[in-house]
Colleague: 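Sharing a structure with you now.
None of these values were measured; they are calculated from a predicted model. Sequence positions, counted from 1, serve as the residue numbers for this chain.
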Amino acid sequence: MTGAGSLLPLRSRLRELRPDAFGADPSGERMARIRRSPNFADGVFQNPEGARTRPSGSTLEFAKQFFAKEQRVRRAPTGTVPVHPTTLADIAKPPATGLRLTWMGHSSVLAEIDGRRVLFDPVWGERCSPFAFAGPKRLHPVPLPLASLGPVDVVVISHDHYDHLDLPTIRSLAGTGTVFAVPLGVGAHLEHWGVPADRIHELDWNESVKVAGLTLTATPARHFCGRGLRNQQHTLWASWVVTGPEHRIYHSGDTGYFGGFKDIGAEHGPFDATMIQIGAYSEFWPDIHMTPAEGLRAHLDLQGGSPHGVIMPIHWGTFNLAPHAWAEPGEWTKDAAEEAEQPAAFPRPGEPFEPAGRLPVRPWWQPLSAPLAHPWRTPESPAVAPVSVGELDLAGER
């Protein structure tokens, strides 16, 4: 067949070959709303500060670093990660202080706040990839089956990259009756995967929604989006503020450092706890992910410039996504927090803790790490004692 009409069957066949994990592109009223967004210009969503979303520098140099055998060895644990065997009993009893966090690995966190349960960026899949046979594979198992987690009031998604929005996980949660809070445009993926439209709250930056007595606000981040072969930048990325009657928490999603953290803190802070991305950084993409030093700086910005609350590092330890050593994000964050006299929590995957109580601080990654160079340490770095983490309210005034 020839002519324009012959293209229609071809396009239909190509759509049928598209992996379901690619999701769906926004269309109709959803796309019209995207075009009306003040953060959408020149056909794409814009960052709050300029950001290079593609790797910079020499592709050859990056390939040398990423694929060299000796470098690959550094990017994985040398033994079994000590996952806390989370059970329903661990999280069935309400937190004594009203706030409990359970890091499930990478950026997945169960936050129990003022009697409600919020699940951030749940990824229970074996790979963060559209394919079951390829892509970054877990370096440790999930702490517990998703079905054993118990009911959650709201699932919060930061953006649509595979290590934050996981098809099999979403399909499992779609059958639970929970609602979803997502950045503008991401609802197209969820509807495509079976989540009813009336259970999806899509927010632009600085928009809020109330769910089960909590206020959820999508706040700016410096990143990008995309799941398919065409990256149209038609879905937004966000960080999130969750405010309850007694507590407030912050989840960074993926982001590069930018001045907007101070604005978010001034508007919504200070926070009892922040969950801050400190892994998968590289000199090849300095604008879209933070180093641990930048993550600590972001936390302090969110808290008004001074140590306050608790920082919990996320986006590390579970998937191999960057050239740095596997344990480097944890070790660097520990050093940076101690130097700033900022309380920090380093739970094993699946280990619940209350930010106002005794914090998990043992560097569990050290016995599993290849030797680290510690390039962030300098002769001028002051020797600091670890922050005291006894049975005291580290969240401070609320």
Colleague: Is a side-chain donor or acceptor of T178 paired with a backbone partner of V152 at a separation under 3.5 angstrom?
Modeller: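 Here the side-chain-to-backbone pair exists.
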
Colleague: Ignoring hydrogens and angles, tell me if any N or O in the side chain of W240 forms a donor-acceptor pair with the backbone of T219 under 3.5 Å.
Modeller: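 No, W240 side chain to T219 backbone: no donor-acceptor pair under 3.5 Å.
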
Colleague: Are the side chain of H247 and the backbone of T97 linked by a donor-acceptor contact shorter than 3.5 Å?
Modeller: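 Present.
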
Colleague: Kindly determine whether T169 and S108 satisfy side-chain contact (heavy atoms from CB on, under 4.5 Å), including the steps that lead there.
Modeller: CA-CA 11 Å; T169 304; S108 304; over 6 Å; no

Colleague: Report yes if some heavy atom in the side chain of F319 is under 4.5 Å from a heavy atom in the side chain of V123; otherwise report no.
Modeller: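 When only atoms from C-beta onward are counted, V123 and F319 do touch, with a gap below 4.5 Å.
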
Colleague: Less than 4.5 Å apart, side chain to side chain, heavy atoms only: is that true for I249 and F271?
Modeller: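 Result no, sub-4.5 Å side-chain heavy-atom pair not found.
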
Colleague: Would you give the length of the straight line joining atom CD of E338 to atom OG1 of T333, rounded to the nearest 0.5 angstrom?
Modeller: 11.0 Å

Colleague: Classify the side-chain pair S282/H324 by whether it contains a donor and acceptor separated by less than 3.5 Å.
Modeller: no

Colleague: For the CG atom of D25 and the NE2 atom of H192, what is their distance to the nearest 0.5 Å?
Modeller: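 Between atom CG of D25 and atom NE2 of H192 there are 10.0 Å.
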
Colleague: Run the side-chain contact (heavy atoms from CB on, under 4.5 Å) check on I34 and F45 step by step: do they pass?
Modeller: CA-CA 8 Å; I34 288 170; F45 277 113; 3.6 Å; yes

Colleague: For T217 and T243: C-alpha separation, side-chain torsions, deciding distance, then whether side-chain contact (heavy atoms from CB on, under 4.5 Å) applies.
Modeller: CA-CA 8 Å; T217 304; T243 305; 5.9 Å; no

Colleague: Output yes when E112 and K93 qualify as a salt bridge under the 4.0 Å nitrogen-oxygen rule, no when they do not.
Modeller: no

Colleague: Please confirm whether the backbone N or O of G309 pairs with a side-chain atom of Q342, one donor and one acceptor, at under 3.5 Å?
Modeller: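 At least one qualifying donor-acceptor pair exists.
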
Colleague: L372 and L139: same hydrophobic cluster, using ILVMFWY side-chain contacts below 4.5 Å?
Modeller: no

Colleague: Are L190 and L165 packed together at the side-chain level, in the sense that at least one heavy-atom pair is separated by less than 4.5 angstrom?
Modeller: yes

Colleague: Search all heavy atoms of V361 against all heavy atoms of A344 and return the closest pair with its distance.
Modeller: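 Closest heavy-atom pair between V361 and A344: CG1-O, 3.7 Å.
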
Colleague: I need the minimum non-hydrogen distance between G135 and S129, along with the two atoms involved.
Modeller: CA-CB, 3.8 Å

Colleague: Distance from R100 atom CZ to D90 atom CG, nearest 0.5 Å?
Modeller: 8.0 Å

Colleague: Please determine whether a side-chain nitrogen of the Lys or Arg among R377 and E331 lies less than 4.0 Å from a carboxylate oxygen of the Asp or Glu.
Modeller: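 Salt bridge flag = yes for E331 with R377.
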
Colleague: Flag yes if more than 12 heavy atoms outside R297 fall under 6.0 Å of its CZ atom; otherwise flag no.
Modeller: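 No, CZ of R297 has 12 or fewer neighbouring heavy atoms, counting only those of other groups under 6.0 Å.
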
Colleague: Calculate, to the nearest 0.5 Å, the distance between atoms NE2 and CE belonging to H234 and M31 respectively.
Modeller: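 It is 4.0 Å, given to the nearest 0.5 Å.
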
Colleague: How close do I311 and P313 get, heavy atom to heavy atom, and via which atoms?
Modeller: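 Shortest heavy-atom contact: O-CD, 3.9 Å.
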
Colleague: Among L149, V142, V109, which residue satisfies the side chain to side chain contact (heavy atoms under 4.5 Å, CB included) criterion with M104?
Modeller: L149

Colleague: Give the intermediate values and the outcome of side-chain contact (heavy atoms from CB on, under 4.5 Å) for residues I264 and S239.
Modeller: CA-CA 10 Å; I264 295 170; S239 56; 4.0 Å; yes

Colleague: Parallel, tilted or perpendicular: which one describes the rings of W376 and W332, with boundaries at 30° and 60°?
Modeller: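 Plane angle under 30°, so parallel.
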
Colleague: With heavy-atom distances below 4.5 Å as the criterion, would you say the side chains of P130 and R227 are in contact?
Modeller: no

Colleague: Would a distance-only check, ignoring hydrogens and angles, find a side-chain to backbone donor-acceptor pair under 3.5 Å from R117 to P151?
Modeller: yes

Colleague: Could you tell me whether the side chain of R199 and the main chain of F180 form a donor-acceptor pair under 3.5 Å?
Modeller: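 Looks like no, no N/O pair under 3.5 Å.
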
Colleague: Does the ring center of H223 lie less than 6.0 Å from the ring center of H289?
Modeller: yes

Colleague: Do the non-hydrogen side-chain atoms of H189 and D160 ever get within less than 4.5 Å of each other?
Modeller: yes

Colleague: With a 4.5 Å limit on heavy-atom distance, are the side chains of P136 and N320 in contact?
Modeller: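 A side-chain contact under 4.5 Å is absent here.
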
Colleague: For the residue pair I113 and P95, establish whether any side-chain heavy-atom pair is separated by less than 4.5 Å.
Modeller: no

Colleague: Whether the side chain of E246 engages the backbone of G98 through a donor-acceptor N/O pair (distance < 3.5 Å, no angle test) should be reported.
Modeller: no

Colleague: Just say parallel, tilted or perpendicular for the rings of W205 and W237, cut-offs at 30° and 60°.
Modeller: perpendicular

Colleague: If every non-hydrogen atom of I276 is compared with every non-hydrogen atom of M290, which pair is closest and at what distance?
Modeller: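 For I276 versus M290, the nearest heavy atoms are CG2-CE, 3.7 Å.
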
Colleague: Does a side chain donor of either Y281 or E328 reach within less than 3.5 Å of an acceptor in the other side chain?
Modeller: yes

Colleague: Rounded to the nearest 0.5 Å, how far apart are CE of M312 and OG of S252?
Modeller: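 One gets 10.0 Å once the value is rounded to the nearest 0.5 Å.
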
Colleague: Inspect the contact between E207 and R33 and indicate whether a charged nitrogen and a carboxylate oxygen are less than 4.0 angstrom apart.
Modeller: yes

Colleague: Do you see a donor-acceptor pair shorter than 3.5 Å between the side chains of D163 and H315?
Modeller: yes

Colleague: Specify the closest pair of heavy atoms between A218 and L203, including all atoms of both residues, with the distance to one decimal.
Modeller: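 Closest heavy-atom pair between A218 and L203: CB-CB, 3.9 Å.
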
Colleague: So do P349 and W103 actually touch side chain to side chain, heavy atoms under 4.5 Å?
Modeller: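 A side-chain contact exists here, since the closest heavy-atom pair is under 4.5 Å.
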
Colleague: To check you understand the geometry: which heavy-atom pair defines the closest contact between P145 and W124, and what is its length?
Modeller: C-NE1, 3.7 Å

Colleague: Would you kindly check if the NZ (Lys) or CZ (Arg) of R222 is within the cone defined by 45 degrees around the ring axis of Y257 and under 6.0 Å from the six-membered ring centre?
Modeller: no

Colleague: Roughly how far, to the nearest 0.5 Å, is the CZ atom of R348 from the NE2 atom of H140?
Modeller: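 Those atoms lie 12.5 Å apart.
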
Colleague: Using 30° and 60° as the class boundaries, would you call the ring planes of H161 and H159 parallel, tilted or perpendicular?
Modeller: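 Perpendicular, since the angle between the ring planes exceeds 60°.
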
